[in-house]
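Here is the naming used below: chain letters follow the sequence lines, and residue numbers restart at 1 for every chain.
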2 protein chains.
Amino acid sequence: MDLVSAVKSRDVQTVSAWDREADVVVVGLGSAGVCAGIEAASAGASTLVLEAAWRGGGTTAESTAQIYMGGGTPLQQACGFDDTPDEMFKYLMASCGPEADEAKVRAFSDGSVEHYHWLTDRGVPFEQGFVPYEVSTMPIAGASLSFTGSERAYPYREIARPAPRGHTVQRDGVGSGEYLMQILTEQFERSGGEIQPNTRSETLVVDGDGRVVGVVSKVGSDSCLVRARRGVILTTGGFIQNREMLRWYAPEVLQCGRPIAAETSDDGSGIRMGIGAGGAAVRMDSACIVLGFAYGNRDNIRGILVNGQGQRYVNEDVYQSNHGEIALKRQQGDVYLIVDDSIYQPPPDDPSLAGVLYPLLGVGETPGQLESELGMPSGSLQHTLEVYNENASKGEDPYFKKEACWLRPLKPPYAALDLRVGNSPYSVFTLGGLHTRVGGEVLDAEGVVIPGLYAAGRTASGIPAQGYNSGLSIADCTFTGRLAGVSAAAASSG
Amino acid sequence: MDLVSAVKSRDVQTVSAWDREADVVVVGLGSAGVCAGIEAASAGASTLVLEAAWRGGGTTAESTAQIYMGGGTPLQQACGFDDTPDEMFKYLMASCGPEADEAKVRAFSDGSVEHYHWLTDRGVPFEQGFVPYEVSTMPIAGASLSFTGSERAYPYREIARPAPRGHTVQRDGVGSGEYLMQILTEQFERSGGEIQPNTRSETLVVDGDGRVVGVVSKVGSDSCLVRARRGVILTTGGFIQNREMLRWYAPEVLQCGRPIAAETSDDGSGIRMGIGAGGAAVRMDSACIVLGFAYGNRDNIRGILVNGQGQRYVNEDVYQSNHGEIALKRQQGDVYLIVDDSIYQPPPDDPSLAGVLYPLLGVGETPGQLESELGMPSGSLQHTLEVYNENASKGEDPYFKKEACWLRPLKPPYAALDLRVGNSPYSVFTLGGLHTRVGGEVLDAEGVVIPGLYAAGRTASGIPAQGYNSGLSIADCTFTGRLAGVSAAAASSG
């Protein structure tokens with residue numbers, strides 16, 4: 001793959017002297033790494049984080065800091081929502097599958113209220129308000145709680161009782177991953193941990209028993225050999241920036257063209273180091289694919305999504321990350337949003353929004369005009385609109401069961417927004433990674449633990465094994481980062 | 001994964017004495033292993049094949065021995081088909097993607113005529129006749145050549161000039177993988193190679209430079225340490241029999257329930273050994289998924305496929321392996337075949353066919369009766385049939401472009417065959433595997449060759465990286481097996 005010159009792992013017998021030592025060495029200072037570091041240092045382990053950039057933050061620092069938590073958090077309760085770990089578990093098993101990792105989802109759901117307290121105890125703030133579902137799935141000033149998934153959409157609402165689980169960290173009224181990382185990084189340093197920036201880790205060091213005992217890194221062009229007495233925790237993020245890895249592991253994603261985390265280096269280095277030490281990488285085709293057509297205009301959910309044959313194919317009220325996956329993987333990205341005058345909003349005159357706007361493709365006084373403009377088979381869109389309107393006027397959607405609050409007949413004139421992949425933004429990051437136990441221990445292809453090696457966050461395959469809700473990645477990073485930190489600190493020295 | 005006790009790879013320093021030695025050690029005697037062995041032995045390398053079962057054959061021996069070859073083979077020419085390597089290349093790049101391995105597909109297409117001669121020179125027979133496309137995609141007595149893919153279906157027919165490329169080895173008028181393996185195994189033994197049966201290989205042996213130098217195997221409960229002076233070639237097949245691997249790498253496949261190769265041991269052991277030595281496994285979610293609804297009754301292609309909303313979703317004349325993938329991955333396996341009296345055939349009174357028959361689910365004098373019986377939205381199937389019939393009467397299919405030879409209006413009464421996953425046979429085997437160069441050299445996660453290690457056939461990710469045509473697996477096994485055998489024999493001794 002022609003990326004860096006590191007090969008597999010390095011035999012400890014070739015190491016004549018270490019440049020540094022710590023009980024626990026964490027590779028990468030994003031939200032997984034910093035939480036791993038806090039827990040390891042708090043447990044009394046000397047803890048060193050090696051960060052490739054000049055400062056930490058990772059992809060979390062570029063995000064809006066949504067954290068998916070539930071089961072009855074204080075914020076959920078304050079806003080009047082009755083949630084339980086079991087309802088959260090049922091929803092996640094249905095929405096993160098097929099074959100979500102049951103042990104991980106169970107631990108995550110059962111531990112979510114405790115995780116909320118762990119964060120707030122460390123100074124992470126949540127605003128005590130709820131954003132009404134019909135208004136937005138993004139936080140607004142003073143309200144941190146919102147729906148950030150398909151909890152209310154069919155079929156999920158029949159599988160588990162819906163509850164909003166997006167908890168957004170705000171600063172000055174807007175979601176701020178930068179602020180979240182600032183708080184957590186201060187906590188890490190206060191707990192005695194140390195950060196070494198500008199240090200790019202390349203290879204793991206393994207002893208004769210197959211135990212990982214250190215890391216080979218580069219500081220500039222100098223190598224830096226770091227011994228890890230108890231364990232190495234890989235938290236370098238996913239591989240969305242690595243086109244060669246995408247090509248071999250997740251080729252469909254290459255069509256999307258707009259990775260989330262554009263300015264960070266989710267280059268897969270942690271996953272590759274883990275594979276080099278014999279670790280298995282699983283679910284590597286999985287990705288969060290966001291088609292956020294309702295992001296700027298929630299009323300767009302009242303429109304209808306159709307494919308190139310003019311057929312509806314999904315209930316429009318599923319969450320934006322479901323839409324991306326369904327549009328790309330089931331409809332080959334050949335999809336359009338049909339709206340009417342009461343829904344359509346011209347794009348705001350704000351160049352910063354260019355990346356999340358969906359272009360107007362055509363207009364028509366009649367469905368026939370529009371379908372002809374879009375090159376759909378004659379009569380196709382017309383029939384779809386007739387059937388949709390007739391049912392919507394009765395408050396019904398027998399085909400896809402969109403919730404009644406979004407159902408209203410569409411009236412001429414009509415407009416079509418272009419949601420085709422390649423023409424419109426499909427935002428994406430990877431979900432596959434190293435195969436781990438709940439505690440973060442990396443497993444080889446036989447399911448056997450590789451001693452001394454841990455992974456968390458997007459470097460591992462975690463809670464969102466496949467399928468996604470907003471907030472799940474930072475929730476998974478902070479939660480599984482903590483577990484890996486506890487595990488590594490408790491390990492005996494190698 | 002709790003399967004065998006093997007862990008990662010074994011350090012050669014722990015090997016005090018070898019039980020056996022050879023220049024090239026091949027693990028697994030299927031069509032990939034035997035062709036690797038023939039080429040290695042013919043190049044003058046002492047060659048030993050370790051086979052887990054009491055005799056070889058692998059999945060190939062259970063198959064009908066279709067081999068996908070083209071570019072102008074003597075059989076294609078004898079039957080009047082004009083094919084070129086470029087047309088074959090274009091078709092395979094379109095049907096084995098996205099992101100098929102261009103270098104492999106190029107070598108395979110350019111080398112296909114030579115591969116045909118290599119096989120026939122070694123006694124592999126092909127019957128000089130063609131099976132008409134409208135009649136069957138399976139061979140008939142005296143005719144080895146047939147279409148075994150979607151070459152004539154939209155959109156492929158617009159991408160590359162269609163040609164039949166399925167070449168079936170027959171004995172007594174039926175396709176026989178058993179016969180193919182018998183011929184090739186005799187060739188291997190005649191070239192001086194040796195086979196050690198009842199030997200289950202578990203772990204690779206690696207020296208201090210990371211070079212693979214041998215294999216740890218078990219004969220009964222005794223371990224057998226085999227030194228490989230030039231290289232080890234892993235050809236143990238895929239992992240369709242390993243439910244734990246399916247769960248972590250290809251979870252959607254678990255719904256299918258009917259693996260091809262039910263009696264062999266495609267347990268992923270070769271892939272797992274390769275990962276243990278630091279090899280990268282790619283495209284692990286890919287599978288050949290066959291929904292062979294036209295297998296017993298080719299007229300079924302004149303019916304229409306609909307999903308649970310009564311919508312058509314594909315041109316019915318694509319090949320059966322496209323149908324399986326599209327039905328499972330794009331329609332969640334919720335699909336039905338609607339036929340009329342002129343098409344419907346009651347199941348033959350032959351219990352051996354139970355695994356490839358698709359159950360009758362409902363009948364209706366009118367589309368409305370049938371859609372109500374199937375629980376589809378009112379009017380949905382009725383509309384689909386009206387539109388299909390109107391267009392078919394004009395010889396057109398503006399929605400999905402089924403070829404005109406299959407278009408004919410359907411007349412009442414109607415019948416629905418149940419093609420839903422779980423109710424009907426979806427036959428499946430895996431396509432993902434170790435990442436290799438064209439010559440079979442196994443690559444680590446950085447794209448660097450692991451010295452001494454080769455893989456071929458379904459143990460590697462090969463020509464059918466994703467997407468499938470019948471005959472591609474044996475073609476890929478025999479072709480890439482040969483390349484790996486040549487590479488390993490030419491390597492310098494470790």
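- Using a 4.5 Å heavy-atom threshold, the side chains of K329(B) and K329(A) count as separate.
- At a 4.5 Å heavy-atom cutoff, the contact between A277(B) and chain A is made by backbone atoms alone.
- Looking at I326(A), there are no atoms closer than 4.5 Å to chain B (heavy atoms on both sides), in backbone or side chain.
- By the 4.5 Å heavy-atom criterion applied to side chains, Y313(B) and Q311(A) are not counted as neighbours.
- With a 4.5 Å cut-off on non-hydrogen atoms, N391(A) does not touch chain B at all.
- Only the backbone of A281(B) comes within contact range of chain A, judged by heavy atoms closer than 4.5 Å.
- Once rounded to the nearest 0.5 Å, the distance linking CD of E446(B) with CD of E202(A) reads 8.5 Å.
- Of the listed residues (R283(B), E252(B), M284(B)), the one with the most heavy-atom contacts under 4.5 Å to chain A is R283(B).
- Across all non-hydrogen atoms, the minimal contact from Q466(B) to P251(A) is OE1-CG, 3.7 Å.
- At a 4.5 Å heavy-atom cutoff, the contact between L254(B) and chain A is made by side-chain atoms alone.
- R247(B) approaches A100(A) most closely through the heavy-atom pair NH2-O, 4.2 Å.
- Considering all non-hydrogen atoms of both residues, P398(B) and P377(A) come closest at O-CG, 3.9 Å.
- Ring geometry for H383(B) against H383(A) counts as parallel: the plane angle stays under 30°, on a 0 to 90° scale with 60° as the upper cut.
- Heavy atoms only, all atoms of each residue included: Y249(A) and D285(B) are closest at O-OD1, 4.5 Å.
- Heavy-atom distances place no part of I271(B) under 4.5 Å from chain A, backbone and side chain included.
- Atom CD of E102(A) sits in a sparse spot, with 12 or fewer heavy atoms from other residues, nucleotides or ligands closer than 6.0 Å.
- Note: G278(A) leads G278(A), S286(A), G208(A), G97(A) in heavy-atom pairs under 4.5 Å with chain B.
- Between W248(B) and D101(A), the shortest heavy-atom contact is CH2-OD2, 3.2 Å.
- When each of R312(B), Q331(B), M376(B) is checked for heavy-atom pairs under 4.5 Å with chain A, R312(B) comes out on top.
- Neither the backbone nor the side chain of S269(B) comes within contact range of chain A; no heavy atom of the residue lies under 4.5 Å from a heavy atom of that chain.
- The minimum heavy-atom distance linking Y399(B) with S380(A) is given by the pair OH-CB, 3.1 Å.
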